[in-house]
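As the structure lists them, so they are numbered: ligands from 1, and atoms in each ligand from 1.
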Amino acid sequence: MNNKIFIFDFDSTFIQVESVSILAEITLADHPNKANIMKEIDALTEQTMAGLYSFSEALQQRLHLFSLHRTHIQKAIEILKTKITPSIQKNIAFFKQYANQIYIVSGGFYEIILPIVKSFGIQADHVFANHFYYNYEGKVVGLDTENPLAQDQGKIKLLKKLNFVPEHTTIIGDGYNDYEVKEAGLAGTFYAFTENISREAVIKNADAIIHNLDGLFLLSDIAYQPQDRNKKVLLLENIHESVRLFFQNKGYEVISEKHALPENELIKALSDIHILGIRSKTKVTATVLEHAPQLEALGAFCIGTNQIDLPKCQQQGIAVFNAPYSNTRSVVELTLAEMILLMRRGVALNRKLNQGIWDKSAEGAHEVRGKTLGIIGYGNIGSQLSILAEAIGMHVIFYDIEEKLPLGNARALSSMDKVLSRADVVSMHVDGRKENRHLIGKREFESMKHGAIFLNLSRDSVIDEQALLEALQSGHVKGAGIDVFPNEPHQSGSTFHSKLLDHDNVFLTPHIGGSTMEAQKHIGDYVSKNLHSYTSHGTSSGSVNFPQIDLPAIESDHRIIHIHKNTPGVLAKINGLLASFQNNIEGQFLKTNEDIGYVITDINHQVKDELIEELKKIPNTIKVRKLS
Ligand SMILES: NC(=O)c1ccc[n+]([C@@H]2O[C@H](COP(=O)([O-])OP(=O)(O)OC[C@H]3O[C@@H](n4cnc5c(N)ncnc54)[C@H](O)[C@@H]3O)[C@@H](O)[C@H]2O)c1
Ligand SMILES: O=C(O)[C@H](O)COP(=O)(O)O
């Protein structure tokens, strides 16, 4: 590898898109003919990249189709930084490790490319691309046409000047002009890079097709170990498909199951897992955690985390993430639907009609408008329900154990009993803390108004089901909507038993308050991003049990994560060790909570395994990881 040269194309290879299209998108934002101009630009790009049209002509023609200013270029850079090709983004460490042997050669624009590739360790003198000319107002008035890259066969002309040894030179790109370098004898190998686009004329001439950067690592003799390649993710309970794709794109190995696993199976499955994704049915007990030696992070792809032994996770240095708001709206919509349906005796009438009985009557049916909704637990769901219930004409009263700002015209009452005794509809939205078990029992049902409607969409055993059954049978509670049960099956399709089955005016749903396509996609995006940021950069924001540190992706440094019991003196010991290994600290972040300390240290050297081993020996250390 020492004498090898790797030449990367930029547009549609290093980044996922063509920068000229992004520039055009920005400048033409309000142009009435935007769609047609964009089509013209894309067609010119396509013809050129397939080797069917003159590169220099196409470049000039595309730039004439929109009017460019320096400020547009800045905007484009910001956008393009978010569009780096996934396998390239994931392997930033490769670019840093081999920065001296990597060149970017592009028919694109130097001012755009350099700020993007710089954070990959690629220096200015390894970037070759076109340069704009500006007028005094910062408007682009042309290109340096003397630059070979503005000309036809530009890459060939440039490579001749660079004079690399062809047998040691590999060119990686998506366009015909990349292949031409090999055809001209200036590179020994051409790999067609198809992660973003695949062109027939290009792939048929390639030495090999590489679908992502892993292909390059497999085909070349490179002593580089992709960072996430060995990391394994286990996703349970039918987590949204986008999560599997997200992790696969980032290079993790992903196993997914549609259902939850019982303890013994979970223990077996976790032996080599680094990230576990669950929903409400998987019980992550202390025993399970003791059998998960590799586990770094746990994602609850839902709101509640009471199915997880959080203190034990902390003791083991496992960061837990959830999605605190992503399904809130879905739960609120179902709650509203249930209360309206129950106020109209919807369950009973629906059952009758299904039996062929037409029972059209207003008897016992009411509007929700003007009625009083009592919310117990005015958190994210309770408060959003409050807003929407008022919007349909209800009066809202609520009780929360914490001081909460009443939204709209809602009124906070000083006790749960006061809410229960005044509400026409009682809706439970408390969290799943242990103390809330059987929060609503016989006494509480009896203190409700005669004929009240009762709803529970909050976790687990908040209600005593037997007491609810009796309250329904006596008619004291007129109707109930229940979405959550103390013993829920682990798998869809399982049989289900409850005291509440088969009751007129009880609307039962299988814990689907948050189960909408919208919510599951939002949850998937949110939690997987946080899990990946934690495992790859150490960022702990969004974690429910770790001190929160929000950091950018690792740039030029080598990063070490140290998790320890929160006792004095650990940081001093870490730094003493780093000094004894001749490592200079380039950045250090420490946050603690009551139980643990979380330190992230960027150092100026490749992290040695011996250093990691020594760090692990510091008293009170829970976990140490190196990130680069
Ligand atoms: N059915 C579903 O599919 C579904 C979906 C999402 C969330 N949930 C559940 O809904 C519940 C609420 O979720 P959230 O996002 O609003 O949570 P949250 O943490 O934002 O709100 C919970 C609120 O309840 C309050 N609270 C706790 N115990 C209380 C008590 N005994 N009396 C009064 N107030 C109390 C807390 O102070 C907090 O304000 C959770 O149990 C969650 O797991 C269910
Ligand atoms: O906490 C939650 O978000 C709910 O209990 C929903 O859980 P689920 O993801 O298993 O539907």
Side-chain angles (χ1 to χ4, degrees), residues 235-240 243 258-260 277-284 299-308 320-338 374-387 397-407 410 412-420 426-441 444 455-463 481-486 488-492 507-524 526-527 544:
L235 301 174
L236 300 176
E237 302 190 58
N238 211 10
I239 287 168
H240 198 274
V243 176
K258 289 210 170 310
H259 46 81
I278 60 163
R279 289 174 63 184
S280 60
K281 297 289 135 351
T282 305
K283 302 271 179 267
V284 186
F301 284 78
C302 53
I303 293 180
T305 51
N306 62 326
Q307 70 279 37
I308 303 166
V320 180
F321 297 85
N322 73 338
Y325 323 108
S326 309
N327 62 14
T328 304
R329 172 68 190 220
S330 299
V331 179
V332 171
E333 288 190 10
L334 184 65
T335 310
L336 287 170
E338 286 187 358
I375 299 174
I376 309 298
Y378 203 67
N380 293 320
I381 295 176
S383 56
Q384 181 153 172
L385 173 64
S386 162
I387 299 279
I397 53 178
F398 70 86
Y399 170 68
D400 196 295
I401 46 173
E402 286 176 14
E403 186 73 25
K404 296 280 172 170
L405 169 74
L407 301 178
L413 301 191
S414 57
S415 72
M416 184 168 83
D417 283 353
K418 284 189 182 155
V419 174
L420 298 183
V426 172
S427 197
M428 301 302 298
H429 300 287
V430 296
D431 52 58
R433 68 185 76 191
K434 281 198 195 83
E435 301 76 29
N436 284 341
R437 189 182 140 74
H438 288 190
L439 183 64
I440 305 291
E444 288 72 24
L455 307 172
N456 181 34
L457 289 92
S458 55
R459 277 277 174 107
D460 282 357
S461 310
V462 165
I463 56 164
I482 307 293
D483 185 46
V484 197
F485 303 87
E488 296 180 357
H490 280 191
Q491 200 165 341
S492 280
F507 190 76
L508 302 179
T509 41
H511 200 152
I512 44 104
S515 296
T516 60
M517 295 310 286
E518 291 84 352
Q520 293 306 311
K521 174 76 171 63
H522 291 156
I523 292 173
Y526 185 85
V527 181
V544 297

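Polar contact with ligand 1: absent for Ile376 (N/O pair, distance under 3.5 Å). Ligand 1 has no N or O atom lying under 3.5 Å from any N or O atom of Gly382, backbone or side chain. The shortest N or O to N or O distance between Thr328 and ligand 1 is not under 3.5 Å. Below 3.5 Å of separation, one finds an N or O of Arg459 facing an N or O of ligand 2. In terms of polar-atom proximity, Lys281 is not counted as a contact of ligand 2, lacking any N or O under 3.5 Å from an N or O of the ligand. Every N/O-N/O distance between Val484 and ligand 1 stays at or above 3.5 Å. Not a single N or O atom of Cys302, backbone or side chain, sits closer than 3.5 Å to an N or O atom of ligand 2. Below 3.5 Å of separation, one finds no N or O of Glu237 facing any N or O of ligand 2. Looking at ligand 1, you'll find an N or O of Gly514 within less than 3.5 Å of one of its N or O atoms. In terms of N/O distances under 3.5 Å, ligand 1 is approached by Val430.
Close approach to Ser280 involves these atoms of ligand 2, each under 4.0 Å from a residue heavy atom: 7 (O), 8 (P), 10 (O). Of all the atoms in ligand 1, the ones that sit under 4.0 Å from a non-hydrogen atom of Gly513 are 1 (N), 2 (C), 3 (O). Remark: ligand 2 atoms within the under-4.0 Å shell around heavy atoms of His511 are 4 (C), 5 (O), 6 (C), 7 (O), 11 (O). Each of the atoms 31 (N) of ligand 1 lies under 4.0 Å from some heavy atom of Leu439. When each atom of ligand 1 is checked for a heavy atom of Val331 under 4.0 Å away, the hits are 4 (C), 5 (C), 6 (C).
Only the side chain of Asp483 comes within 4.0 Å of ligand 1, judged by heavy-atom distances. With a 4.0 Å heavy-atom cut-off, ligand 1 is reached by the side chain of Asn327 but not by its N, CA, C or O. Residue contacts with ligand 2 for Asn327 involve side-chain atoms from C-beta outward but no N, CA, C or O (heavy atoms, distance under 4.0 Å). Only the side chain of Ile303 comes within contact range of ligand 1, with a heavy atom under 4.0 Å; no backbone atom does. Heavy atoms of Tyr325 found under 4.0 angstrom from ligand 1: none, in either backbone or side chain. For Asn380, heavy-atom contacts with ligand 1 shorter than 4.0 Å involve the backbone as well as the side chain. Neither the backbone nor the side chain of Asn306 comes within 4.0 Å of ligand 1, counting heavy atoms alone.
Among all protein heavy atoms, the one lying closest to atom 33 (C) of ligand 1 is Ile401 N, 3.5 Å. The shortest contact between atom 10 (O) of ligand 1 and any protein heavy atom is with Ile381 CD1, 3.6 Å. Remark: minimum distance from atom 39 (O) of ligand 1 to any protein heavy atom is reached at Asp400 OD2, 2.6 Å. Closest to atom 21 (O) of ligand 1, if we only count protein heavy atoms, is Gly379 CA, 3.2 Å. Here the protein heavy atom with the shortest distance to atom 31 (N) of ligand 1 is Asn436 OD1, 2.9 Å. For atom 22 (C) of ligand 1, the nearest non-hydrogen atom of the protein is His429 O, 3.5 Å. Atom 3 (O) of ligand 2 has Ile303 N, 2.6 Å as its closest protein atom, hydrogens excluded (heavy atom only).
The closest donor-acceptor contact from the side chain of Asn327 to the backbone of Cys302 lies at 3.5 Å or more, if one exists at all. In this structure, the side chain of Tyr399 does not engage the main chain of Leu420 through any donor-acceptor pair within 3.5 Å. Between the side chain of Gln520 and the main chain of Gly514, a donor-acceptor pair closer than 3.5 Å is present. Of the possible polar contacts, none joining the Asn306 side chain to the Arg433 backbone as a donor-acceptor pair under 3.5 Å is found. Using a distance-only test at 3.5 Å, with no hydrogens or angles considered, no donor-acceptor pair links the side chain of Ser386 to the main chain of Gly382. Under a 3.5 Å cut-off, the side chain of Glu488 and the backbone N or O of Lys281 do not form any donor-acceptor pair. Side-chain N or O atoms of Asn322 include one that pairs as donor or acceptor with a backbone N or O of Ile303 at under 3.5 Å. A donor-acceptor contact shorter than 3.5 Å is absent between the side chain of Asp400 and the backbone of Gly377.
Within the 4.0 Å heavy-atom shell around ligand 1 one does not find Met416. The shortest heavy-atom distance from Glu435 to ligand 1 is not under 4.0 Å. Under a 4.0 angstrom heavy-atom cut-off, Lys404 registers as being in contact with ligand 1.
Side chains of Thr282 and Glu237: a donor-acceptor N/O pair is present below 3.5 angstrom, by distance only.
If you run side chain to side chain contact (heavy atoms under 4.5 Å, CB included) between Ser427 and each of Leu385, Ile381, Ile376, Val332, only Leu385 comes through.
Proximity of Lys258 to Ser492: side-chain heavy atoms (C-beta onward) are nowhere separated by under 4.5 Å. With a 4.5 Å cut-off on side-chain heavy atoms, Arg279 and Ile523 do not count as touching.
In this structure, atom 17 (O) of ligand 1 is not in close contact with the protein, since no protein heavy atom lies within 4.0 Å of it.
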